[in-house]
Amino acid sequence: MIPTTPDELWQRACALKDLSLAQLAQALDQRLPEQPQQAKGWIGQLLELALGASAGNLAKPDFMHLNIELKTLPISLRGDPMETTYVCHAPLRPNPQETWEQSVVYQKLQHVLWIPIITDHKQAFAERTIAQPILWQPNASQLNILKQDWQELMDMIVMGDIESIDAKMGEYLHIRPKGANAKSLTIGHNTLGMSFKTLPRGFYLRTDLTKQILHTC
DNA sequence: ATTTGATCATGT
DNA sequence: ACATGATCAAAT
């Protein structure tokens, strides 16, 4: 079940093109959610199952041995991304010495298998279909912007300035809350070791970047 | 409580 | 219309 090579993963992903969620769920013996709005990660998990992703909820690329991350991406009928894309948890007590190349963001984004899902809210959830997959690696320009965004945001977290970060910062990569709700709090630390309660955060990719990816690959 | 999978829904 | 801030579910 676990793909051995990137090519095997790619072939398997391509074979899913044009399948509806209903068809894929049936093939995998999975039940479609009755309330899709209460099963937000369901499509991503279905694709993990279909393709043999192995990392579970570890902070690692889904296909650890291939260093490839799997991401589903809802797209409109026009082919544009409909949502930002969650990357990973944002550390609130970061190691100030960590470099961009060592970061989980970089590890995950250096190679991504995108599975676009054609999403039309006028049609039934089960009839959403899988579009052509894209195997992407950031180009030099994209990588530079991602690195700058990451460094700017991480510098603020290290300084203990998490509360002054908002989602408007960052050209491609930004930080937003990532918790059960606005009441769930976690502990942040600044560089002096002082701790405080704050919302859990996550890194997300803006649609500006995913739109580029969809239209240039 | 944390991290994964994300999308929902309100405010601008 | 769109992005930001809020939220839902499962695994550990």
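Any value given below was found using the heavy atoms of this structure, including those in side chains, with hydrogens, waters and symmetry copies removed. Letters go in sequence order (proteins before strands), and every chain restarts at 1.
- Members clustered with A:M159: none, using a 4.5 Å side-chain heavy-atom cutoff among hydrophobic residues.
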Side-chain polar contacts of residues 38-51 of chain A - donor-acceptor pairs under 3.5 angstrom, sequence neighbours left out - could you list them?
none

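- Between A:S184 and B:dA1, a side-chain N or O to OP1/OP2 separation shorter than 4.0 Å is absent.
- Listed by residue number, there are no residues of residues 151-169 of chain A with a heavy-atom contact under 4.0 Å to DNA chain B.
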Without placing hydrogens or testing angles, list every side-chain donor-acceptor pair under 3.5 Å for residues 104-112 of chain A, not counting sequence neighbours.
| from | atom 1 | to | atom 2 | distance (Å) |
| --- | --- | --- | --- | --- |
| A:Q107 | NE2 | A:E101 | O | 2.8 |
| A:Q110 | NE2 | A:N67 | O | 3.3 |
| A:Q110 | NE2 | A:N67 | OD1 | 3.2 |

Checklist outcome for this item: Going 5' to 3' through nucleotides 5-12 of chain B and flagging B where a protein heavy-atom sits under 4.0 Å of the base, S where only the sugar-phosphate is that close, and - otherwise, we get BBBB----

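- A:A182 comes within contact range of the sugar-phosphate backbone alone, with a heavy-atom separation under 4.0 Å but no base atom that close.
- Considering only residues two or more places apart in sequence or on other chains, A:E152 meets the side-chain contact (heavy atoms from CB on, under 4.5 Å) condition with A:M169.
- In 5' to 3' order, the nucleotides of DNA chain C bounding all contacts with chain A (an atom under 4.0 Å from a heavy atom) are C:dA3 to C:dA11.
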Could you pull out every donor-acceptor pair under 3.5 Å between side chains of residues 113-132 of chain A and any protein atom, sequence neighbours left out?
| from | atom 1 | to | atom 2 | distance (Å) |
| --- | --- | --- | --- | --- |
| A:T119 | OG1 | A:I117 | O | 3.0 |
| A:D120 | OD1 | A:K122 | N | 2.9 |
| A:D120 | OD2 | A:Q123 | NE2 | 3.4 |

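- Residue whose closest nucleotide on DNA chain C sits further toward the 5' end, between A:D208 and A:L199: A:D208.
- The side chain to side chain donor-acceptor pair (under 3.5 Å) test applied to A:S184 returns no partner, not counting sequence neighbours.
- Alongside A:Y204, the hydrophobic cluster contains A:Y86 (criterion: ILVMFWY side chains under 4.5 Å).
- Every side chain to side chain donor-acceptor pair (under 3.5 Å) that A:T84 has, sequence neighbours left out, goes to A:R176.
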Donor-acceptor contacts under 3.5 Å from residues 190-202 of chain A side chains, at least two apart:
| from | atom 1 | to | atom 2 | distance (Å) |
| --- | --- | --- | --- | --- |
| A:N190 | OD1 | A:L192 | N | 2.9 |
| A:N190 | OD1 | A:G193 | N | 3.1 |
| A:N190 | OD1 | A:M194 | N | 3.1 |
| A:T198 | OG1 | A:E163 | OE2 | 2.8 |
| A:T198 | OG1 | A:R201 | NH2 | 2.7 |
| A:R201 | NE | A:L199 | O | 2.8 |
| A:R201 | NH2 | A:E163 | OE1 | 3.2 |

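- A donor-acceptor contact under 3.5 angstrom links the side chains of A:Q212 and A:Q142, judged on distance only.
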